[in-house]
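One structure below.
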Amino acid sequence: MKLEKFQHKIWLSSPTMHGEELDYVKLAYETNWMSTVGENINEIEREIAELVGCKYAVALSCGTAALHLATKLAGEKLYGMPKPNEGTLRGHKVFCDDMTFDASVNPVAYEDGEAVFIDTEYDTWNMDPQALEKAFEIYPDVKLVVVAHLYGTPAKIDEIKEICGRHGALIIEDAAESLGATYKGKETGTFGDYNAISFNGNKIITGSSGGMFLTDSKADAEKVRKWSTQSRENAPWYQHEEIGYNYRMSNVIAGVVRGQIPHLAEHIAQKKAIYERYKEGFKDLPVTMNPYSPDSEPNFWLSCMLIDREAMCNHVRGDNEAAYVKEPGKTCPTEILETLAKYNAEGRPIWKPMHMQPIYRMNAFITRDGNGRANSNAYIQGAGTIDVGADIFDRGLCLPSDNKMTAEEQDMVIEIARSCFA
Ligand SMILES: *Cc1c(COP(=O)(O)O)cnc(C)c1O
């Protein structure tokens, strides 16, 4: 196959619209429910609760808002009502994923808590239960854990729940990337004490933006609803007993989400086909695809590859730049991403681990052996892989995973990636 530049860009993951979205947006317009109240909001809250199997869903402006209010609920439950100028987690540590999007962990900081990062495991690229257990040994007083399902692949949630249960810790489940993914037949977004999903533009289904808080607790759902609409008390005037937020979803956005929900299963099937095609296309290369447990069925939101260490050429990454030295038969994520970009296709590095981020460099980081940051580069020194997140970030990348990419286009993407191993 001759490598050719794509006429139109092949995206990592872009919104895929179907038409019904516009009908529901129009409904909002024509009935003049253009605010944060209306039929679209009520409908999607009902539909999503039914789809994932929880009692209540509260539509919010974004997944980050859902995570923030989840964090605040957990903080209040654990540590009581704070003073108006203090966060609910003031001075308390919270265990969080290390290799994730920062929106997953920033709400801990919004609430004045301190994130302690837990290393990643190779089986699902999510929080390592063994590292979590180690973290509880080191910080036995911690009572809150935020766990995500990266790239739509469920974490080892049973093991994580068992550990948290034993230590009396609550769980916030960040299912922003994993809507529709299941673990032992149960939908993600229902495992935590507090749960969040996202309808951000590049997620499996989108409202252009938006998110939801999911729960079985009526009291929690009501509290999130109240906080998200400026915490108004039941009074003839604007009466406030608590700090409020402007976090409610718009009925226009809800219209887009409403048009997307019927297409969730179809999007997942397309993403799975993309994943399988990559797997087949790369089967003779020194790489593996992002793995998942046989206990789970991912939503295959993004397809990722991990280059075998032996096939890695020398490369380095600074805070803002990367450089590599090409060697025959070897490559690195930077070369593959640059080559894809040259042909007008978009890939992305793996989420850069939080313990390597300037903003979180002072926070604790716990690996499986409990040593944390001291061994950050151990895999480079040949002492065995200890910092799993840093290793996956070093060798991995997200491939173009747009569900509008045709099979022919994907074959070309595969050829482009393969050419880097020459
Ligand atoms: C997208 C995402 C979020 C945030 O959702 P928004 O709707 O963009 O605010 C949180 N956590 C993870 C893991 C995400 O990928």
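Atoms within a ligand are numbered from 1 in the order they appear, just like the ligands themselves. Below, all heavy atoms of this structure are taken into account, side chains as well, without hydrogens, waters or symmetry copies.
- The aromatic rings of His263 and His18 sit parallel, their planes meeting at an angle under 30°, below the 60° perpendicular limit.
- Ring-centre distance between Tyr183 and His149: not below the 6.0 Å cut-off.
- At least one donor-acceptor pair closer than 3.5 Å links the side chain of Glu45 to the backbone N or O of Ala59.
- Contact of the Tyr245 side chain with the His68 side chain is registered, since non-hydrogen atoms from C-beta on lie closer than 4.5 Å.
- Distances below 4.0 Å separate heavy atoms of Ala176 from the following atoms of ligand 1: 2 (C), 3 (C), 10 (C), 11 (N), 12 (C), 14 (C).
- In this structure, Ala65 falls outside the shell of residues with a heavy atom less than 4.0 angstrom from ligand 1.
- Of all protein heavy atoms, the one lying nearest to atom 4 (C) of ligand 1 is Thr64 OG1, 3.5 Å.
- Distance from atom 2 (C) of ligand 1 to its nearest protein heavy atom, with residue and atom name: Lys203 NZ, 2.7 Å.
- Glu177 OE2, 2.5 Å is the protein heavy atom nearest to atom 15 (O) of ligand 1.
- Between Tyr56 and Phe213, a ring centre-to-centre spacing not shorter than 6.0 Å is recorded.
- Two residues are said to be in side-chain contact when any heavy atoms from C-beta on lie closer than 4.5 Å; Met212 and Phe199 meet this criterion.
- Of the protein's heavy atoms, Asn200 ND2, 2.8 Å lies nearest to atom 8 (O) of ligand 1.
- Considering backbone and side-chain atoms together, Ala103 places no N or O closer than 3.5 Å to any N or O of ligand 1.
- The side-chain heavy atoms of Phe101 and Asn106, taken from C-beta on, include no pair separated by under 4.5 Å.
- Atom numbering of ligand 1 starts at 1 in the shown order; those under 4.0 Å from a heavy atom of Gly210 are 7 (O).
- Side-chain atoms of Glu111 and His92, non-hydrogen and from C-beta on, never get closer than 4.5 Å to each other.
- Taking a 4.0 Å cut-off on heavy atoms, Asp97 fails to register as neighbouring ligand 1.
- Every atom of ligand 1 is numbered from 1 in the order shown, and the set under 4.0 Å from a heavy atom of Leu67 is 10 (C).
- Looking at atom 11 (N) of ligand 1, its nearest protein heavy atom turns out to be Asp174 OD2, 2.7 Å.
- Between Ser104, Gly152, Ser209, Ser198, it is Ser198 that holds the heavy atom closest to atom 7 (O) of ligand 1.
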